[in-house]
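Remarks on the structure that follows.
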Amino acid sequence: MAFSDELPEFSRNQPDKMKPEAVSDAVAEDGLNIPLIDFSAFTSSDEATKRSTAQAVVNGFQKTGFIYLKNHGISKPDVTTTFSESAKFFERPMDQKLAMGWTTPEANRGYSQPGREKTTDLKSAAEIEAKRAEEGADLKESFEIGREGEPKHPNHWPDQFDDDGKIFKERMLEFHDRCRKLHMRVMQAIAVGLGIDEDWFDSYCDGGDNTLRLLHYPAVKSTVFEQNKNTVRAGAHTDYGSITLLFQDMAGGLQVLSPNGNFIDATPIEDTIVVNAADLLARWSNDTIKSTKHRVVEPPSKADTHPARYSIAYFCNPNFDRFIDAIPGTYDDVRKKKYEGINSGEYLAQRLAATY
């Protein structure tokens, strides 16, 4: 297997005039340029089109850590149905939801009630508690679904309660699998963009050790944000694994940290997925790829009461039994390895333990 000795010229220093036709700007403000990429171009039979699309993916991750994807292969009806099932889940009585409660970082499955989690990139429990005291807990509830069929850490399902719970389980497992397949394709694009073999990541990511997270941000009065300017729906943080596939509704509130230190709106674009690189991929790439802070704040619209917001995050990880060391081509005699290798599952459990 042959690897390039350095990152492709496109991904390191690509002028805007050379952008492929499949790429436009989703966000361009305060030095933050997040590309909107037509991902169907990656499946093109034209090798130059495929490669330029892959390089645009890597370029976006290297410059800002974020991209938007359109024509990504997950249909609008699939996304709409998943959002509908998510909303119905969160309408369930609290006693049912608590019966499916989140337990341990190793399992990372189940329901988390409002006030339980404080999203942050801090790692010290004491620092996180101080942050919670300053900002309050996140204004959200969530439900985590991992790979099905894990004997030590089974998923929690509402199929024990009613037929709607059975439908919910079926739909979520289907959506989990669709996202798993897209994760593999995005990692293949990253490989091509880095100049290594397209299938290089396959054996690292084929186990599906990923988490489908349903998120509900309840309706909230604008006075809540006025009374404490630090209040957020989800605190500033980076994600932990390789990449995250984020499906937004149109309510708004997601913000990404710009190179100038300001949080900029990542405005929802219909029928797109926001994809961000996460901490383990940044480490895996020897920090040639960025994992960028983001948060969810008061929506930009003016209202006495902000309506509920829903989003679906699919957190992608290397297989939990894989050892993660610097990707070939991201280091050399001049650019040394910055990190020791680490087991994927152990790393993610450590990060989750601090968050909860």
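Distance check, rounded to the nearest 0.5 Å: CG of L194 to CD of Q62 gives 6.5 Å. Once rounded to the nearest 0.5 Å, the distance linking CD of Q350 with CG of L352 reads 10.5 Å. Of the inter-residue distances, the one linking Q255 atom CD with L32 atom CG reads 11.0 Å to the nearest 0.5 angstrom. Going from atom CD1 of I243 over to atom CG of L280 covers 12.0 Å, rounded to the nearest 0.5 Å. Rounded to the nearest 0.5 angstrom, L69 CG and I273 CD1 are separated by 6.5 Å. Between N210 atom CG and N317 atom CG the span is 5.5 Å, to the nearest 0.5 Å.
In terms of heavy-atom proximity, D279 sits nearest to S291 at OD1-OG, 2.6 Å. Between T288 and S285, the closest heavy-atom pair is OG1-O, 2.7 Å. Smallest separation of non-hydrogen atoms from G193 and V58: CA-CG2, 3.6 Å. The two residues S142 and R213 make their nearest non-hydrogen contact at OG-NH2, 3.2 Å. Heavy-atom minimum distance, L182 versus H72: CD1-O, 3.4 Å.
Checked by atom type and distance alone, the side chain of H183 never pairs as donor or acceptor with a backbone atom of K181 at under 3.5 Å. Under the 3.5 Å distance criterion, the side-chain polar atoms of D162 are matched with a main-chain donor or acceptor of D164. Not a single donor-acceptor pair under 3.5 Å links the side chain of Y314 to the backbone N or O of L246. In this structure, the side chain of K336 engages the main chain of D333 through a donor-acceptor pair within 3.5 Å. R309 places no side-chain N or O within 3.5 Å of a backbone atom of V296 that could act as its donor or acceptor partner. The backbone N or O of F323 lies less than 3.5 Å from no partner atom in the side chain of N343, so there is not a single donor-acceptor pair.
Linking Ile, Leu, Val, Met, Phe, Trp and Tyr whenever their side-chain heavy atoms come within less than 4.5 Å puts L214 and M94 in one cluster.
A cation-pi arrangement is absent between R92 and F161, since the terminal nitrogen or guanidinium carbon is not both under 6.0 Å from the aromatic centre and inside a 45° cone about the axis.
Inspection of the N319 and D209 side chains reveals no N or O donor paired with an N or O acceptor under 3.5 Å. No side-chain donor-acceptor contact under 3.5 Å links T330 and N286. Between the side chains of R322 and S344, not a single donor N or O lies within less than 3.5 Å of an accepting N or O. At a cut-off of 3.5 Å, with distance as the only test, a side-chain donor of S40 or D38 sits close to an acceptor on the other residue. D78 and T81 share no side-chain donor-acceptor pair at under 3.5 Å.
A salt bridge links R185 to E198: at least one charged side-chain nitrogen sits closer than 4.0 Å to a carboxylate oxygen. Under the 4.0 Å criterion applied to side-chain N and carboxylate O atoms, R51 and E47 are assigned as salt-bridge partners.
Side-chain rings of H216 and Y310 approach one another, their centers coming within less than 6.0 Å. Note: H306 and Y217 fail the aromatic proximity criterion, with ring centroids not under 6.0 Å apart. Taking the centre of each ring, F168 and F89 come in below the 6.0 Å mark. For F143 and H156, the ring centers sit 6.0 Å or farther from each other. W284 and Y347 have their aromatic ring centers separated by at least 6.0 angstrom.
When each of T104, N155, T211 is paired with R109, the side chain to side chain donor-acceptor pair (under 3.5 Å) condition holds for N155 and for no other.
Note on ring orientation: taking the six-membered ring where Trp is involved, the planes of F42 and F39 are parallel (angle under 30°, cut-offs 30° and 60°).
More than 12 heavy-atom neighbours from other residues, nucleotides or ligands sit within 6.0 angstrom of CG on D95. No more than 12 heavy atoms of other residues, nucleotides or ligands sit less than 6.0 Å from atom NZ of K221.
Remark: D46 engages no residue in a salt bridge (charged side-chain N to carboxylate O under 4.0 Å, His left out) (not counting sequence neighbours).
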